[in-house]
Amino acid sequence: MSVVLVVNSGSSSLKYQLIDMRTEEKLASGLVERIGPGVGISTHKYDKECHEQRLEVSSHDEAFQLMLQNFEQHGPSLETHYPVAVGHRVVQGGRRFFGPTIVDDTVENDIEELIPLAPLHNQANLAGVRAARKVFTDIPHVTVFDTAFHTTIPDAASRYAIDRDVAETYRIRKYGAHGTSHKYVAAEAAELIGVPFSEAKTIVMHIGNGASMCAVDGGVSVETSMGMTPLEGLVMGTRSGDLDPAVLFHLHRKAGFSVDDLDDLLNRKSGLLGMTGTNDMRDVTERAERGDVEAEEGLAVYVHRMRHYLGAYLMALQGGTHAIAWTAGVGEHSAVVRRRTLEGLEWLGIELDDELNETHSDEARVISTPNSRIQVLVVPTNEELEIARQTLEVTGLQPA
Ligand code: ADP
């Protein structure tokens, strides 16, 4: 059996999945939350059962050991399901990593060197890689970077118009994020509409708590809405997205906001949360429907920004667009957000089928009318599976 262990080590959590690559089925999954001081929570799912435990988990090494204990106690046994490789999510690969990479000490050092570009994420990702390499010493470890899919974005779209020396010295450019999801969804969308991935032109709407859009042309990313960091672009659960940078000078000079205050304001207290008091789209849409003015205004800004990018990405895809594919928490589940974003665009060849849009399903599906020149799709994302696929691909291992 070829199983791949996928590890997503975040700043205060460790997520894992064990995937059987012959069937691409998830065998088991788990999450260790609140790594650090205080009581952590470990959840392990296997064989339709969920095992939860509360205990202090002070480091990523301990979280990794807890994961091993979970497999030993609750199954499946890693002796009978020994992974052929471990795939690790890493957020920032900079201009150094253009695809999945087999880890050695040099790769570890290079990820470390990229920490200033993604301080919270890369450090935690690396801690997971290090913990895993200590335990699984005899199998390849592969890092799959969120930014790698976007390294194909042309310079004209990824450069910021600032002083060249400053940009180069501090590596300031658009790196994007959610690349693993965008690639997976674009490939699944191409399959769904029966166009080879190497020819398909798709706009992927990854709309979750974090949200970004991506124009994918012939299997490669040509534009994405997140920037040097995941703050740029769309309105998100707690992030502002695009903003005139001079707002920051103004808040600093007039209101005495420090750099940390501004970081906190824009990354954690803005977006839907800042505008409506909640970052859960279910609450926002329900309140808006009941006539709540704040919720309606917040939703209107949220939708307006997506339409703004949609217009831009239809331009970025030279020669036409085959499909618009919705994914992630909001994209997969909110018929209201999909309808409001795409309404009145029949003149562009975008025609949503209201009944299909309202129908709940966990399957990838078409939600536009047969007349719609650009097909509208819902494609549930699966970043872990994409990481596992890329891990096998780069190691040259075949599912057996
Ligand atoms: P992330 O991975 O960025 O944390 P997710 O992709 O899991 O986020 O999306 C989470 C968000 O999806 C929630 O904050 C919620 O707003 C939204 N969401 C989940 N289910 C629904 C639903 N049925 N209707 C509308 N929004 C939903």
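In this chain, residues are counted from 1 in sequence order. Every number for a ligand or one of its atoms is a count from 1 in the order of the listing.
Which parts of ligand 1 touch Ser334 is read off a 4.0 Å heavy-atom cut-off, strictly below it: atoms 25 (C). In the vicinity of Ala328, heavy-atom distances shorter than 4.0 Å reach the ligand 1 atoms 6 (O). Distances below 4.0 Å separate heavy atoms of Asn279 from the following atoms of ligand 1: 14 (O), 16 (O). Using a 4.0 Å cut-off to heavy atoms of Val330, the atoms of ligand 1 that qualify are 12 (O), 17 (C). Atoms of ligand 1 found under 4.0 Å from any heavy atom of Gly208 (numbered from 1 in listed order, with element): 5 (P), 6 (O), 8 (O), 9 (O).
Taking the six-membered ring wherever Trp is involved, the centroid distance between the rings of Phe136 and Tyr82 falls below 6.0 Å. Less than 6.0 angstrom separates the ring centroid of His44 from the ring centroid of Phe71. Here His333 and His360 keep their ring centres 6.0 angstrom or further from each other.
In this structure, of Thr238, Thr381, Asn209, Leu273, the residue bringing a heavy atom nearest to atom 10 (C) of ligand 1 is Asn209.
In summary, Glu384 and Lys26 do not engage in a salt bridge, as defined by a charged side-chain N under 4.0 Å from a carboxylate O. Checked for salt-bridge contact, Glu188 and Lys183 miss the test: no charged N lies under 4.0 Å from a carboxylate O.
Checked options Asn125, Leu114, Leu120; the residue passing with Val91 is Asn125 (criterion: side-chain contact (heavy atoms from CB on, under 4.5 Å)).
Atom 23 (N) of ligand 1 has as its closest protein heavy atom His333 CB, 3.3 Å. At the shortest separation from atom 6 (O) of ligand 1 among protein heavy atoms lies Gly329 N, 2.9 Å.
By the criterion of a heavy-atom distance under 4.0 Å, neither the backbone nor the side chain of Val337 is placed next to ligand 1.
Note: no N/O pair closer than 3.5 Å links Ile207 and ligand 1 by distance alone.
Protein heavy atoms are absent from the space less than 4.0 angstrom from atom 2 (O) of ligand 1.
The structure places OH of Tyr313 at 13.5 Å from CG of Asp217, a figure rounded to the nearest 0.5 Å.
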